[in-house]
Amino acid sequence: MKLHPGSPSRVGLWTIDDTAGARPVGTIDLPDTLQQVTFVNAITLLTVDHSGRPQLWNISDPSHPIAGTALTTADFTTYPTGLGDFIISTAVTVDKDLATVQGGGKLQLWRVNGSSATEAGSLPAPDPADVAGLLNNHQAVVAAKDGFTWWDVTDPDHPVHVADTPLGGGNKGNVHGSGSVVAAVLGFPAVKNTLFLLKFPDSKSGTAVQLTDNAGGEVALSDDQHFLASDGSGANTVNLWDVRDPAHPRATAAVTTKPGVQGMAFNAGDTLMATWSAAGVQLWSLRDSSSPALIVSIPTSYSGTPITTFTPNSAWLAVDTSSSIRFIDTNPNALATRLCSYTGKAMTPQQWAHATQGLPYQPVCNA
């Protein structure tokens with residue numbers, strides 16, 4: 001769908017040190033508003049701007065990023081809101097050495113080698129409302145109005161249709177994939193939606209397992225497909241499932257969050273979960289997944305909803321507040337020790353509140 005042009009934007013590149021925190025090292029200027037940025041690997045970045053243009057970048061020297069291959073233009077999946085079209089998907093996915101771009105009635109596959117890419121085969125995605133992309137670098141899925149179509153893309157030049165899973169309204173919702181598993185909140189953006197769990201089929205037909213008919217619109221899967229989280233219809237709860245056996249998912253817990261949940265994320269080890277809303281960010285311990293424990297609530301200092309992600313080693317939580325990015329130590333004890341090393345003396349409750357913005361006061365510094 002053709003969208004109105006945005007404004008030029010800039011991507012900041014940062015190096016993150018476990019002790020020193022974050023330090024800016026470079027920037028990438030884009031001709032239009034940024035819509036997606038993804039690390040392909042440690043030295044390759046993929047950006048998608050508002051025009052639908054996917055661009056690979058070589059960031060081996062982050063102070064001087066070099067533009068690589070520009071992929072074919074993507075047709076964003078959108079729905080009308082009355083105030084303009086809301087972008088559901090940028091229609092671009094990447095996993096290791098394979099990328100896909102949805103547009104022109106098909107899902108185009110690209111072989112990726114560093115910041116260079118070459119066109120491979122394609123598979124049909126005829127409806128502009130379809131949501132299509134990679135699950136991993138050898139499996140792809142198309143969520144269409146009649147259900148899900150599964151493809152083997154081990155040979156990107158010759159994608160093979162594997163199976164279909166009938167499910168009405170498969171492209172009318174929030175679809176999130178990880179590994180070989182897909183979570184789909186269908187009916188979105190209604191108040192109450194139905195949450196389904198699907199797995200890449202082993203045979204010619206697949207099945208969808210219904211988890212609840214009282215879901216909100218947000219869903220997240222952990223990278224190892226251990227946990228699934230979704231918000232409730234009341235928008236102040238997050239429900240947690242163990243989905244290691246996708247055919248038999250098991251509800252493990254429900255937590256009460258700040259109102260208006262807008263997203264969830266898991267760290268790499270599945271020991272932490274972050275939830276966020278316009279009211280701020282909350283960090284939860286999942287060491288006992290049957291009873292998640294709130295570690296800290298961090299208010300935001302601006303009007304809007306933050307976007308939150310864990311760094312790969314889980315040491316930091318990056319909180320994007322549109323005008324800035326905050327890096328929050330996920331270990332409160334380590335944060336307390338570091339703050340004390342800065343001051344060299346006891347911190348007052350006021351100094352602690354200013355430095356931590358949410359952590360309970362811990363008078364641990366030696367005077």
Side-chain angles (χ1 to χ4, degrees), residues 1-11 28-41 43-59 65-79 84-145 148-162 170-171 175-177 182:
M1 177 175 289
K2 182 67 174 178
L3 299 174
H4 294 295
S7 303
S9 58
R10 173 170 290 179
V11 178
I28 296 173
D29 290 314
L30 300 177
D32 211 333
T33 306
L34 178 70
Q35 294 293 341
Q36 176 184 336
V37 58
T38 304
F39 279 97
V40 180
N41 53 49
I43 60 170
T44 308
L45 203 66
L46 173 69
T47 61
V48 183
D49 67 22
H50 195 67
S51 69
R53 179 176 178 266
Q55 174 71 58
L56 289 168
W57 299 87
N58 181 333
I59 57 170
I66 300 173
T69 302
L71 311 186
T72 47
T73 301
D75 292 338
F76 295 165
T77 305
T78 64
Y79 74 81
D85 292 327
F86 179 82
I87 298 174
I88 299 174
S89 168
T90 61
V92 178
T93 60
V94 62
D95 189 279
K96 298 176 182 175
D97 57 355
L98 194 62
T100 64
V101 180
Q102 183 182 349
K106 65 181 180 180
L107 185 69
Q108 179 65 52
L109 280 70
W110 289 79
R111 296 180 183 271
V112 177
N113 182 12
S115 59
S116 299
T118 55
E119 276 191 318
S122 65
L123 54 95
D127 189 337
D130 291 348
V131 179
L134 293 172
L135 291 175
N136 49 63
N137 69 338
H138 59 276
Q139 295 173 332
V141 63
V142 179
K145 65 179 181 180
F148 291 75
T149 303
W150 310 88
W151 293 80
D152 185 330
V153 294
T154 304
D155 179 357
D157 293 316
H158 303 95
V160 177
H161 176 223
V162 174
N171 60 358
V175 179
H176 183 82
V182 170

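Positions are given from 1, in the same order as the sequence printed here.
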- Message: Run Gln108 and Thr72 through side-chain hydrogen bond (donor to acceptor under 3.5 Å, both in side chains) and show every step you take.
- Response: CA-CA 8 Å; Gln108 179 65 52; Thr72 47; over 6 Å; no

- Task: Determine, step by step, whether Val11 and Trp57 satisfy the side-chain contact (heavy atoms from CB on, under 4.5 Å) criterion, reporting the C-alpha distance in whole Å, the side-chain angles of both residues, the deciding distance to 0.1 Å, and the verdict.
- Result: CA-CA 11 Å; Val11 178; Trp57 299 87; over 6 Å; no

- Apply side-chain contact (heavy atoms from CB on, under 4.5 Å) to Leu109 and Leu123, showing your working. CA-CA 8 Å; Leu109 280 70; Leu123 54 95; 4.2 Å; yes

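Annotation for Asp155: atom CG counts as buried by contact number, over 12 foreign heavy atoms lying within 6.0 Å.
Within the 4.5 Å cutoff, side-chain heavy atoms of His50 are placed close to those of Ile87. In this structure, the side chains of Asp157 and Arg111 come closer than 4.5 Å at one or more pairs of heavy atoms. Residues Ser9 and Leu34 are in side-chain contact: their nearest non-hydrogen atoms beyond the backbone lie under 4.5 Å apart. Residues Trp110 and Glu119 form a side-chain contact, since some pair of their non-hydrogen atoms from C-beta on lies under 4.5 Å apart.
Between His161 and Trp151, the ring-plane angle classifies as tilted under the 30° and 60° cut-offs.
What you find for Ser51 and Asp32 is that their closest heavy atoms are N-OD2, 3.6 Å. Listed here is the closest heavy atom pair of Ser115 and Leu56: O-CB, 3.5 Å. Residues Thr77 and Pro128 approach most closely at OG1-O, 4.0 Å, considering heavy atoms. Nearest heavy atoms, Ala132 versus Gln102: N-OE1, 3.1 Å. Smallest separation of non-hydrogen atoms from Thr154 and Pro156: O-CD, 3.3 Å.
Under the side-chain contact (heavy atoms from CB on, under 4.5 Å) test applied with Leu46, the options Val37, Val92, Thr69 reduce to a single match, Val92.
Side-chain polar atoms of Gln36 and Thr90 form a donor-acceptor pair below 3.5 angstrom. Using a 3.5 Å distance cut-off with no hydrogens or angles, the side chains of Asn41 and Thr44 do pair a donor with an acceptor.
Side chain of Asp75 to backbone of Ala91: no donor-acceptor contact under 3.5 angstrom is found. Asn136 places a side-chain N or O within 3.5 Å of a backbone atom of Gln139 that can act as its donor or acceptor partner. Looking at Thr93, its side chain does come within 3.5 Å of a backbone N or O of Leu134 through a donor-acceptor pair. Side-chain atoms of Ser116 never come within 3.5 Å of backbone atoms of Gly68 as a donor-acceptor pair (strictly under, hydrogens ignored).
Interatomic distance, NZ of Lys145 versus CG of Asp127, reported as 6.5 Å (0.5 Å rounding). Atom CG of Leu107 is separated from atom OG1 of Thr149 by 11.5 Å, given to the nearest 0.5 angstrom.
A salt bridge is defined here as a Lys NZ or Arg NE, NH1 or NH2 lying under 4.0 Å from an Asp or Glu carboxylate O, and Arg10 with Asp49 fails to meet this definition.
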